[in-house]
Every structure is written in C-alpha cells, then in structure tokens.
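Reviewing the structure listed below.
Just so you know, ligand 1 is whichever comes first in the structure, and atom 1 is the first atom listed for that ligand.
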Amino acid sequence: MIEIRNISKTFHQKKQAFKALDQVSLNIDKGDIVGIIGFSGAGKSTLIRTVNLLERPDEGQVIINGKDFTKLSSKQLAEERKKIGMIFQHFNLLSSRTVFDNIALPLELDHSSKDQINKKVNELLKIVGLEDKANDYPRSLSGGQKQRVAIARALANDPHLLLCDEATSALDPVTTQSILQLLKDINERLGITILLITHEMEVIKAVCNHVAVIDKGKLLAKGTLSEIISDRENPVIQQFINSDIMTLPQELNKRLQKEPEDGLFPLVE
Ligand code: ADP
C-alpha cells in the first residue's frame, strides 16, 4: 500500500551538506502498525515527513495506493494529504479554539456543512473519550487529553494512514500506554494504517507488528518485532534492545551519543 523506494535527502546549511536519508526503502501493508526506531538525529522525522511530501526527497519515490506522490501536482498532492492524518509530540493545537473547534478545523477547511461538522466532531469526541471536554480550551487539558484532541483532528477527514511523530514522547508512562491503546483501537476498529516514529523500544513493543531500524540516515533492518529482536548479528540493534539509552530523556540521550566513552553523566540535571 505504501512503497518508499530508494529515498535520499540531503540538507544544506551554512555551505555544508548533510545526508539525512540515504537510499531508504520500506514497504508498509494496509492495516499494519509500523514503528521506525532510531537514535535522535537518525533521520526518522525526515523519513516520516517524506511520506506525505512535507519533505521532498532528492531521489526516490513514495507510492501510496498506486500513486507516485513525487509526480503529483500541488493540487493533487493537497487532495491526497487530506487522507493522511498526522500527530506530533507537542500536539500542535490552536490555543484560541475549543476542543470542538480544533477537531472541526480540517472539516471547515474542506468546506463541510455545519451539520456534517457537528455529526463528525461528536463521533470523534466519542472515539477519543472526550465528549465532556468539547467546550474546553487546550490550556485546561492534560497532555494525554491534548493528544486525544490531536488524534481526533487527525481522523477528521477519514484518513487511511496516520503518521505519528514521537506522539508519546512528551507524556508520562501511564498516559503513553493509554494513547498507544487508543492508536491500537483506531487501527483495529477503523482499519487505519499507522506509521510511527519513536526512540523508545517500549513503544514499539506495545503496538507495532513491524519495525524498521534507522541509523545515520540508513535503514539498518526491517521485519517483524520478533525478527528484529532476534537479530543478534547487528550491534546497533542489540544496543537498542539491551540498553536503557532509548528511554533516557532526549537531551541526555544526545550527550551519551556524543561522548559514549565517558558515560558518567548525572541523571538529574
Ligand atoms: P530524528 O527524527 O531521527 O531525530 P531528523 O530526521 O529530525 O532525525 O534529522 C536527521 C538529521 O537531519 C539531523 O542531523 C538534523 O539536524 C538534520 N535536519 C533535519 N531537518 C533539517 C533541516 N530542515 N535543515 C537542516 N538539517 C536538517
């Protein structure tokens, strides 16, 4: 259903070139929950952003339901993007809008009628368990509730695919589990394919049936969760599995990557 074929992407900054993705290929079947795991800076966000062409690859193709996204006109691409929902680490809600109006936004942009909007938003509030919060503003919600609003908004146009960019990284472990359970329910009940990126193996283990491991812009491995875990030959994969590094706060994680030989960092900064 989704074919990422030999994607490469180089960023140019201050006269320096940096290859963020190097010939990455990945196939995702309809109805799958696929996790992309890797350290900070590995290229995960860039990869997920190439799927709906928020980031245009320098080389390669993204084929979704038979359509090559790299060849679509901007008008065609805008239409296709409506069918791809996206959620982010920091929810990206509009603070001046109520929960109801945040969820209604994609429908308003699509010129749906008032009745259609009311029906759909109420349906979505039920799915994400926030019927009693419709008139609240984001500032009065917990992180988990904000992410539920963001998920409802991502579902407004009945997407076939949900892209999740570190969707639980800003949440505590219990809330993380409830959001992951919601994503699982959405996948099972609505048949929506989910592609998520994370630096935490626990997230992958909780919901993904397929995994891709990315490191320094290259795809290191892909397969089922058990195939990846049992790959004893690959030292980077073993590092992900055996070490707590993936669950450390991101800043500390970055420092550990920069100075791995030192290792003596205070856990509380
Ligand atoms: P990850 O999501 O795995 O943390 P990213 O995909 O965000 O990694 O970034 C991969 C690399 O590409 C990083 O070194 C990052 O600094 C670089 N990068 C990402 N986006 C840009 C950009 N717009 N301009 C310049 N460099 C970028």
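- Every N/O-N/O distance between Leu47 and ligand 1 stays at or above 3.5 Å.
- Numbered from 1 in the order shown, with element, the atoms of ligand 1 that lie under 4.0 Å from a heavy atom of Ala42 read 1 (P), 3 (O), 8 (O).
- Close N/O approach between Gln13 and ligand 1 is not found [any backbone or side-chain N/O within under 3.5 Å].
- Within ligand 1, the atoms closer than 4.0 Å to a non-hydrogen atom of Phe39 are 3 (O), numbered from 1 in the order shown.
- Checked for salt-bridge contact, Glu123 and Lys120 meet the test: a charged N lies under 4.0 Å from a carboxylate O.
- One N or O on the side chain of Arg81 and one on the backbone of Asn52 form a donor-acceptor pair closer than 3.5 Å.
- In this structure, His111 has no side-chain contact (heavy atoms from CB on, under 4.5 Å) partners at least two apart in sequence or on a different chain.
- For Ser40, the heavy-atom gap to ligand 1 drops under 4.0 angstrom.
- Between Glu108 and Lys114 there is no salt bridge, since no side-chain N of the basic residue sits under 4.0 Å from a carboxylate O of the acidic one.
- An N or O contact shorter than 3.5 Å is missing between Glu55 and ligand 1 by distance.
- In this structure, Glu188 has no salt bridge (Lys or Arg N to Asp or Glu O under 4.0 Å) partners at least two apart in sequence or on a different chain.
- Crowding of Glu131 atom CD: a count of heavy atoms from other residues, nucleotides or ligands under 6.0 Å exceeding 12.
- Backbone and side-chain nitrogen or oxygen atoms of Phe11 are examined, and none is located within less than 3.5 angstrom of a nitrogen or oxygen of ligand 1.
- Interface atoms of ligand 1 facing Lys44, defined by a heavy-atom separation under 4.0 Å, are 1 (P), 2 (O), 3 (O), 4 (O), 6 (O), 8 (O).
- A salt bridge between Glu79 and Lys82 is present, with a side-chain N of the basic residue lying under 4.0 Å from a carboxylate O of the acidic one.
- By the criterion of a heavy-atom distance under 4.0 Å, the side chain of Phe18, and not its backbone, is placed next to ligand 1.
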